[in-house]
Amino acid sequence: MSATGLKMRLTPTRIRAMKGGTPIVSLTAYTTPMARLLDEHCDLLLVGDSVGMVLYGMESTIAVTLDMMIAHGKAVMRGVQNSCVVVDMPFGSYQESKEIAYRNAVRILQETGCDAVKLEGGQEMAETVSFLVERGVPALGHIGLMPQQVNTAGGYRSVGHSGEEVGKIRADAEAIGKSGAFAVVIEGTVETLAREVTAMIPVPTIGIGASVACDGQILVCDDMLGLFNDFTPRFVRRYEELGKRVAAAATAYAVDVRSRAFPMEEHTFKRRS
Ligand code: KIV
């Protein structure tokens, strides 16, 4: 608690200090009500660019814009008192130059009030991460499977199977580990490599599909809640089946409306005498 009685959010510095300790608990959030529900249970909430696929029905994260990320970042910040909030930098907002990355990261921090930004990339992005951090922008790295590279990588698939991939991910982890990033998301990466990288770098690794060896875990909230009835990736554990429950509730509502069982007396306004 602060002197004003307000609960203080976890800072990127405190997340960094969780290296090797109790695993970091992290989920994505995109809206105020969901952020309110998740906040007290999580150390870190990520306003991921997965919002494009999860809430907007996009096929990838490529079309997500900076304005979308800022709008959802603001929404999440309205619901959070405890967790460190990180907002994803969307495709095209940081790759061109470190100066453009800085300008867009500052927009995200100033307009949302979040604690840090996340950007995908290994060796090629390490200089940009350092540029941001040295100028006051806390940054979370993201290596392994990088969804913003779906068009050049040829799809979404786990990485670290070939000697070439192992060498690249090791080098990416080393570069981002030294860049000043306070932690690194490692996605869709084989266990042995995730374990090696976690032992090798001085900052926490937060895994998604990267085994229990990481310093923390993150999942897309809607996957974890079972809000989709179709495909579930291998690395997701569904803690609920909300998709099925929503469908059952909508079915019951439709039956009640069609049979005039809803609304009833208690839902109805009567003229005051
Ligand atoms: O956009 C996102 O949700 C992410 C997580 C999957 C790590 O980057």
Side-chain angles (χ1 to χ4, degrees), residues 12 15 23-31 34-35 38 42-66 68-73 75-76 83-95 105 108 112 114-122 125 129 139-151 153 155-159 169 172-173 176 181-189 194 197-198 203-211 214-225 227-228 231-238:
I15 298 288
I24 297 162
V25 178
S26 183
L27 284 168
T28 62
Y30 316 113
T31 63
M34 193 56 86
L38 303 179
C42 291
D43 302 308
L44 187 151
L45 286 178
L46 173 69
V47 186
D49 59 355
S50 52
V51 68
M53 299 168 81
V54 175
L55 292 194
Y56 292 87
M58 295 173 174
E59 286 203 348
S60 76
T61 58
I62 300 300
V64 174
T65 65
L66 194 57
M68 285 167 73
M69 294 312 303
I70 289 173
H72 286 281
V76 167
S83 309
C84 178
V85 178
V86 180
V87 175
D88 249 338
M89 298 197 71
F91 181 66
S93 71
Y94 61 95
Q95 293 92 340
I108 293 175
T112 69
C114 73
D115 302 295
V117 297
K118 173 165 84 61
L119 49 161
E120 293 180 12
M125 216 40 75
V129 172
L140 174 63
H142 184 148
I143 61 170
L145 191 166
M146 292 183 262
Q148 292 180 12
Q149 297 189 8
V150 61
N151 290 328
Y156 302 102
R157 55 167 196 87
S158 59
V159 292
I169 292 166
D172 284 349
I176 296 299
F182 69 90
V184 184
V185 168
I186 174 161
E187 179 164 355
T189 300
V197 159
T198 299
V203 297
T205 54
I206 303 179
I208 173 161
S211 87
C214 297
D215 296 300
Q217 298 294 327
I218 184 163
L219 282 177
V220 169
C221 174
D222 299 55
D223 285 346
M224 184 275 287
L225 293 175
L227 267 161
F228 303 112
F231 171 71
T232 307
R234 177 192 164 94
F235 56 84
V236 173
R237 179 180 287 167
R238 291 166 77 124

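Counting starts at 1 for both ligands and their atoms, in listed order.
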Q: For G48, take its heavy atoms, then give the atoms of ligand 1 lying under 4.0 Å from any of them.
A: 1 (O), 2 (C), 3 (O)

Q) Between CG of L46 and CG of L140, what distance do you get to the nearest 0.5 Å? A) 7.0 Å

(Q) Could you go through V51 and M69, starting from their C-alpha distance and side-chain angles, then the distance that decides it, and tell me whether this counts as side-chain contact (heavy atoms from CB on, under 4.5 Å)? (A) CA-CA 8 Å; V51 68; M69 294 312 303; 4.0 Å; yes

Q | Close-contact set for ligand 1 against T28 heavy atoms, below 4.0 Å | A | 3 (O)

Q: Compute the minimum heavy-atom distance from K118 to ligand 1 and say whether it is under 4.0 Å.
A: yes

(Q) Restricting to non-hydrogen atoms, name the atom on Y30 and the atom on V76 that form the minimum distance, rounded to 0.1 Å. (A) C-CG2, 3.6 Å

(Q) Out of all atoms in ligand 1, which are within 4.0 Å of some heavy atom of L46? Include the element for each. (A) 2 (C), 4 (C), 5 (C), 7 (C), 8 (O)

Q: Start with the C-alpha gap between M53 and T61, add the side-chain angles, then the distance that decides, and say whether side-chain contact (heavy atoms from CB on, under 4.5 Å) holds.
A: CA-CA 7 Å; M53 299 168 81; T61 58; 4.0 Å; yes

Q | Close side-chain approach of F182 to V86, heavy-atom, < 4.5 Å | A | yes

(Q) The criterion is side-chain contact (heavy atoms from CB on, under 4.5 Å); which residues satisfy it with M68, sequence neighbours excluded? (A) Y56, M58, V64, T65

Q | From the candidates S26, P147, S50, the one that places a heavy atom nearest atom 3 (O) of ligand 1 | A | S50

Q) Under 4.0 Å from any heavy atom of H142, which atoms of ligand 1 are there? A) 8 (O)

**Q.** Closest heavy-atom pair and its distance - Q217, C214
**A.** NE2-CB, 4.1 Å

**Q.** D88 N/O under 3.5 Å from ligand 1 N/O
**A.** yes

Q. Which atoms of ligand 1 sit under 4.0 Å from any heavy atom of I208?
A. 6 (C)

(Q) Looking only at distances, can you tell me whether any N or O atom of D49, backbone or side chain, sits closer than 3.5 Å to an N or O atom of ligand 1? (A) yes

